[in-house]
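Chain A is the first sequence line, chain B the second, and so forth, proteins listed ahead of strands; every chain is numbered from 1.
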Amino acid sequence: MKDVVQKNKPLIVLLILCIAMAFLSDSFFTWRNFLTVLRQTSINAVIATGMTFAILIGGIDLSVGSVLAICGAIAANLIASGVDMILTILITLFLGLAIGIVNGLLISKGRLQPFIATLGTMTLLRGCTLVYTQGKPIGTGGGADSLLFGKIGSGYIFALPVPVYIMIIVFIAAYYILKHLRMGRYIYALGSNEEATVYSGIKTDKVKIFVYGASGLLASLAGIIVTARLGSAQPNAGSGYELDAIAAVVLGGTSMSGGIGSIGGTAIGALIIGILNNALNLLQVPSYYQNVAKGAVILFAVLLDRKQKAAR
Amino acid sequence: MKDVVQKNKPLIVLLILCIAMAFLSDSFFTWRNFLTVLRQTSINAVIATGMTFAILIGGIDLSVGSVLAICGAIAANLIASGVDMILTILITLFLGLAIGIVNGLLISKGRLQPFIATLGTMTLLRGCTLVYTQGKPIGTGGGADSLLFGKIGSGYIFALPVPVYIMIIVFIAAYYILKHLRMGRYIYALGSNEEATVYSGIKTDKVKIFVYGASGLLASLAGIIVTARLGSAQPNAGSGYELDAIAAVVLGGTSMSGGIGSIGGTAIGALIIGILNNALNLLQVPSYYQNVAKGAVILFAVLLDRKQKAAR
Amino acid sequence: ASDDKEDTKATIGLIVSTLNNPFFVDLRDGAQAKADELGAELIVLDSQDDSATELSNMEDLITKGVDLILINPTDSEAVGSAVTAANDAGIPVITLDRSANTGDVVCHIASDNVAGGKLAGEFIIDKLGGKGKVVELEGVPGASAAIDRGKGFNEAIAKSDIEVVAKQTANFNRAEGLSVMENILQAQPEINAVFAHNDEMALGALEAIKASKRDIMVVGFDATDDAVKAVKAGEMAATVQQLPKEIGAAGVDAAMKVIAGEKVDKSIPVDLSLVTE
Amino acid sequence: MQKKIVTMKGITKEFSGVTVLNQVDFNIYEGRIMALLGENGAGKSTLMKILTGVYEKTAGEIYLNDQPAEFKNTKESQENGIAIIHQELNLIGDLSIGENIFLGREPVNKLGKIDWKRLYKESEKWISMLGLSENPKELVNNISVGKQQLVEIAKALSLDAKIIIMDEPTGALTISETEKLFSVIRKLKEQNHSMVYISHRLEEIFKICDDITVLRDGERIGEVPVSEVTEDKLIEMMVGRRLEEQYPKADSEIGEVIFEVKNLTNSFVQEASFTLRKGETLGIAGLMGSSRTELARTIYGIYKMDRGEIFIHGKKVHINSPRDAIKAGITYVSEDRKTNGIVLGMNVGENITLTSLKSICGRFGHVYKSKEEEVSQEYIKNLSIKTSGTKQLVKYLSGGNQQKVSIAKNLFAEPSILILDEPTRGVDVGAKKEIYNLINKFKKAGVSIIMISSEIPEILGMSDRVLVMHEGCISGILDTEQADQEGIMSLAVGKGV
Ligand SMILES: Nc1ncnc2c1ncn2[C@@H]1O[C@H](COP(=O)(O)OP(=O)(O)OP(=O)(O)O)[C@@H](O)[C@H]1O
Ligand SMILES: Nc1ncnc2c1ncn2[C@@H]1O[C@H](COP(=O)(O)OP(=O)(O)OP(=O)(O)O)[C@@H](O)[C@H]1O
Ligand SMILES: O[C@@H]1[C@H](O)[C@H](O)CO[C@H]1O
Ligand SMILES: [Mg+2]
Ligand SMILES: [Mg+2]
């Protein structure tokens with residue numbers, strides 16, 4: 001019983017938030033707002049899923065925001081120049097994957113600390129995006145493919161927004177990988193004890209490349225969603241998103257030191273952040289106070305969920 | 001011999017940078033520019049010193065930029081309302097120390113992971129700064145104390161800028177603590193093996209509180225320098241400074257996983273970043289390319305300095 | 001290579017608050033075009049919206065020994081030290097878009113953000129017939145443009161029966177403009193107009209409004225290409241045009257005059273106008 | 001009866017609802033050495049951790065000199081004159097030997113500056129007392145596990161405590177080191193220090209202890225003076241039944257040479273050459289630091305070879321990683337299970353299947369959970385691993401049971417060559433025997449075994465041939481029939497037979 005509560009503390013924070021909002025705002029508990037929150041959460045959720053992989057192996061991926069920006073810019077440009085939507089998506093995802101793999105290579109073969117490696121690529125790619133966009137937004141144009149592309153961000157299928165489907169598919173895939181595939185097992189093993197994992201004959205380099213590749217891929221997917229929703233790619237898109245993603249992962253109970261955590265937790269963490277942003281707007285909290293509230297909720301949530309083991 | 005090279009790799013990067021600049025720009029090797037670079041480096045260096053402590057125990061302090069901002073704002077306000085300079089400085093430093101101690105308590109007694117604890121306080125304090133300043137810069141006013149206060153940022157003593165003295169004193173104090181005081185040993189021990197440190201009868205909570213307290217104190221000191229230099233405190237001051245500080249620490253050869261590193265390294269790391277910024281401007285690298293160059297240099301420097309041990 | 005300037009060519013430094021915002025990119029482009037036209041060398045540095053970086057940029061330009069410095073301050077208060085540093089080095093300074101509260105400036109070239117906010121407010125009063133409910137999307141908390149535009153706008157509507165029903169920040173950012181507007185749309189059953197402190201947020205809000213199928217007028221600020229297009233297409237009602245290219249060009253123009261020893265006006269206003277359908 | 005210096009009464013300890021100590025009484029007498037015995041998981045370490053303030057007890061009382069005492073942390077117990085050497089090494093790898101010994105008690109001058117000279121001089125004194133000739137400025141990371149163990153002991157001794165608890169201090173020590181330690185212990189005893197001594201090596205108990213307390217499954221079985229028990233009686237108390245012969249070496253059929261190492265050389269090992277036959281057990285003996293572990297790990301692909309060849313079934317193989325080794329049919333049970341043997345944060349089942357996960361996976365990498373459950377249950381049963389189930393996290397198992405998981409994990413990869421590095425270190429007598437039986441079982445099934453051990457009786461009892469190392473070189477290979485303790489020792493110290 002105590003165990004159940006311990007395991008579900010993130011869920012409890014989520015519930016507290018929802019119940020409080022139910023009292024504080026009439027517009028909160030409506031189907032429409034529910035969909036709005038889900039759609040807004042989807043971008044952070046997709047990025048946070050990749051971040052969960054990285055954090056599970058004891059790493060981190062700070063470059064996600066920059067990957068989102070460069071991939072979004074390239075997608076917008078491709079669509080605007082009349083490239084087919086499917087092809088555009090494939091190219092963009094491939095680019096994200098490739099960047100992620102480079103991160104993975106720097107960290108595995110290059111033996112760099114993940115924080116600093118991805119800090120480097122984050123800075124570098126932000127520069128690339130500025131150079132590529134020349135500091136201006138790139139519109140997707142008005143072509144037929146552009147309209148279709150826009151649906152990825154704002155379309156509906158059976159009354160549910162498209163990004164919500166994407167988010168759910170990403171969650172399920174990640175859950176399956178972590179729970180039921182060999183790679184998932186290796187991710188946990190690597191995060192718990194790297195040396196023992198090597199001694200067990202597992203190619204840890206491959207696991208790292210997989211993890212950062214996945215994170216890059218998912219960041220580019222998020223880039224596609226953002227660009228599709230806005231119909232344009234901004235040069236400063238995604239900056240600071242890494243912090244939201246990390247917050248979602250940690251609020252979901254995943255340990256920054258690796259080896260412990262789950263996708264379900266991350267889903268809850270992303271929802272907490274999404275609902276919080278929504279709530280601050282619905283409650284018309286003045287801008288200056290929004291950061292105060294956000295910081296306080298993050299601290300409250302993690303204090304509730306603190307682990308038995310001492311952190312440093 | 002191999003050991004000497006291994007230990008001094010950050011120094012080698014620094015030398016390469018300087019030699020390259022000597023060829024590329026006439027204005028680089030001038031006494032004026034030397035002082036400019038040192039003065040520009042001082043703020044990051046002071047913050048990075050506190051960050052070195054945090055990283056040495058395997059932690060991190062993301063809140064430094066926000067601490068800088070709130071402390072700077074309060075200092076500016078005090079000076080503007082005619083409070084004596086010395087008193088202002090003491091109050092401000094005390095505030096920084098107190099915030100740092102709160103971080104330390106959250107992390108030790110509250111058992112929070114440092115990344116998320118300081119991410120929380122970073123967000124919260126940024127909000128507090130906005131509320132306190134009402135989003136507007138606070139000038140130090142034109143009083144006598146204001147002019148004197150300004151000297152902390154832009155004054156000279158015996159041809160050397162005041163912030164450079166501050167930086168040097170901070171370095172020496174930190175070096176002494178780490179090398180010759182018990183607390184220093186405990187910092188390394190804690191970062192290397194927390195459990196064994198506990199078993200040795202060391203109060204690790206006290207060490208953590210010391211470390212984050214020091215980091216907060218130094219961030220507020222940096223806040224004083226920035227405010228003094230600019231003659232005013234900006235609500236957005238210091239945002240992103242945590243990344244520069246971390247980069248300096250890691251470029252200096254300190255391991256993000258704790259236990260290994262030195263203040264000397266951090267000094268070199270901070271100089272690398274300072275010189276790099278200066279160099280990019282002197283060489284007229286277009287601003288969009290500056291990020292590209294910075295990211296590339298960070299990656300290059302750490303690739304050169306990579307540890308034997310595999311990182312995750 | 002070396003950073004020696006050629007003897008004949010004037011070297012002008014331009015410090016811009018940030019270059020990842022189209023407004024300032026236009027300002028830079030205007031300046032660059034003018035510099036090319038007049039045969040001057042232009043060194044552009046980006047302060048990334050940080051006052052300390054701005055000061056460092058100033059110091060580096062002083063080290064380089066440029067002839068004149070054009071500065072677009074991140075903040076009018078904090079830029080004082082940078083201006084003073086240039087004064088001490090004997091390098092003339094011209095401020096662009098935002099002014100400097102301290103230090104000696106040869107000339108200030110800008111459009112007035114408070115006036116711009118007013119312009120937007122008056123337009124909305126006019127269109128709504130003096131009453132209605134509006135939403136204000138604020139810029140980065142603490143940014144001077146956000147403060148000034150908000151000030152002008154609120155001063156204008158204070159004289160009417162228009163009520164601000166929601167006031168939230170979207171940080172000058174399009175993606176945030178979208179999500180913040182979505183949330184406001186949930187909370188507010190009745191909205192007649194939105195005033196956004198810049199076009200990026202206005203365009204984000206526009207996406208949210210389009211998706212909600214509600215009929216709400218959007219007014220932005222900056223007249224970026226995207227926004228002007230949206231206005232022409234009848235999607236946005238208006239945007240306040242600041243002519244950033246002209247601010248940049250006028251800056252270089254004045255700079256060349258100063259370098260040549262000619263006199264320039266202390267303040268050169270650049271026209272504000274409202275782009276409507 | 002002697003004066004009781006420590007009395008523990010009715011100590012009960014529960015870990016998340018599971019009782020691991022039940023109403024245990026325990027005494028320490030002034031100037032005497034109390035042995036604490038019991039199978040793996042009996043609760044010995046837990047009891048001592050309660051005494052020294054590492055764990056909080058669920059119930060019971062503790063008296064120090066007849067005064068109620070309760071220590072909230074190690075520091076408090078130290079201040080009250082109790083020092084403990086934990087079973088698992090607890091040193092700071094990035095600090096020097098001297099810094100480790102004085103960690104938390106550094107000598108300082110009036111200004112708080114550490115007096116380095118004194119610190120290193122004193123450290124030198126303590127380590128040389130234990131026969132360690134290392135420079136005290138050397139980083140702990142750079143010395144072998146055995147030497148680290150000595151540093152740990154030096155650290156406890158330097159506390160100058162009235163009561164010293166040693167939880168398996170000789171686990172990583174060789175005979176001569178152990179002797180050195182014993183002489184130190186005797187000296188301390190003469191100075192009226194009291195001690196608790198935990199070990200699975202019964203001969204040590206008879207050598208130095210005065211009294212014995214036996215635990216079984218968290219219950220106290222009894223306390224007896226050493227002089228009143230025999231080894232058989234003790235074993236019976238510990239395991240609740242009699243055990244037959246200690247080393248049940250099976251005579252299996254030894255086949256052709258299947259493994260050969262030729263001139264293997266790197267920074268640890270010089271010109272190592274030897275062969276291994278099918279179904280044979282090759283023991284590797286040597287002093288601490290003779291690089292037996294390094295030889296094994298080089299074969300296993302952890303360390304690079306500078307020169308040399310490895311043949312399996314006469315075919316040359318290239319091993320650059322553990323993965324290559326496993327593919328070639330070699331697995332390695334590490335001497336250091338905590339750092340590289342097992343994944344403490346994963347459960348028993350996941351650990352057992354980790355090395356050979358592929359074999360219970362579908363084509364697209366899907367892990368068949370039911371199959372995993374089935375095989376791990378099988379290993380838990382075969383190796384008598386004491387665990388609440390396959391889902392129990394390994395970090396909550398006792399040291400000996402962790403060792404069994406480490407062995408199970410390697411067996412699951414179905415090696416044809418199994419390298420065991422100190423396989424019975426920290427394993428109780430009952431479990432030891434089970435491990436020996438397992439070795440025999442696999443031997444019979446045609447697996448060839450390389451067994452590194454610091455216990456010469458074990459080497460002699462279990463191997464067909466004995467390879468002896470001295471300072472990175474193979475100083476001799478003997479048939480077990482011709483080998484004896486003296487012969488091995490003289491090779492180990494570098495003298496020919
Ligand atoms: N922190 C813990 N959480 C849960 N269970 C634990 C914990 N520590 C020990 N145990 C359990 O308590 C029991 C006793 O463990 P302990 O380490 O005291 O045994 P031991 O007698 O020292 O064994 P060994 O000879 O193998 O070292 C074991 O069953 C172990 O699994
Ligand atoms: N990380 C290291 N760096 C440098 N030298 C090392 C390292 N680890 C071990 N050595 C050295 O390698 C040699 C052999 O190591 P080790 O003592 O582990 O061998 P061993 O024969 O297996 O002994 P043990 O009985 O302790 O396992 C020793 O001289 C030791 O100092
Ligand atoms: O004038 C500029 C632009 O409107 C920009 O969008 C935000 O910053 C302001 O200062
Ligand atoms: Mg034990
Ligand atoms: Mg060994």
_C:Val44 vs B:Tyr288 side-chain heavy atoms within contact, under 4.5 Å_ = no

*Grab the two heavy atoms, one from B:Leu282 and one from C:Lys64, that are nearest each other, plus how far apart they are.*
O-NZ, 2.9 Å

*Using non-hydrogen atoms only, which part of C:Val140 is less than 4.5 Å away from chain B: side chain, backbone, both, or neither?*
side chain

_B:Asn291 portion near chain C, given a 4.5 angstrom heavy-atom threshold_ = side chain

*Residue-level interface, residues 86-93 of chain C with chain B, non-hydrogen cut-off under 4.5 Å*: none

*State the OG-CG distance between B:Ser27 and C:Leu61, to the nearest 0.5 angstrom.*
10.5 Å

*Could you have a look at B:Thr30, B:Val226, B:Asn278, B:Ile43 and say which one has the most heavy-atom pairs with chain C under 4.5 angstrom?*
B:Asn278

*Could you tell me which non-hydrogen atom of B:Gly139 sits nearest to which non-hydrogen atom of C:Glu77, and how far apart they are?*
CA-OE2, 3.5 Å

_Minimum-distance pair of heavy atoms, taken over all atoms of C:Ser81 and B:Gly231_ = OG-N, 3.8 Å

*Portion of C:Ile62 that has a non-hydrogen atom of chain B nearer than 4.5 angstrom*: side chain

*Mind ranking B:Gln290, B:Arg229, B:Lys136 by heavy-atom pairs under 4.5 Å with chain C and telling me who comes out on top?*
B:Arg229

*C:Asp50 and B:Tyr241: side-chain donor and acceptor closer than 3.5 Å?*
yes

*When only heavy atoms count and the cut-off is under 4.5 Å, which of residues 51-60 of chain C reach chain B?*
C:Ser51, C:Ala52, C:Leu55, C:Ser56, C:Asn57, C:Glu59, C:Asp60

*Of the backbone (N, CA, C, O) and the side chain (C-beta and beyond), which part of C:Leu19 lies under 4.5 Å from a heavy atom of chain B, both, or neither?*
both

*For the residue pair B:Gly135 and C:Ile147, what are the closest heavy atoms and their distance?*
O-CD1, 3.3 Å

_Is it the case that atom OH in B:Tyr289 sees more than 12 heavy atoms from other parts of the structure closer than 6.0 Å?_
no

*Rounded to the nearest 0.5 Å, how far apart are CG of C:Asp75 and OG of B:Ser232?*
5.5 Å

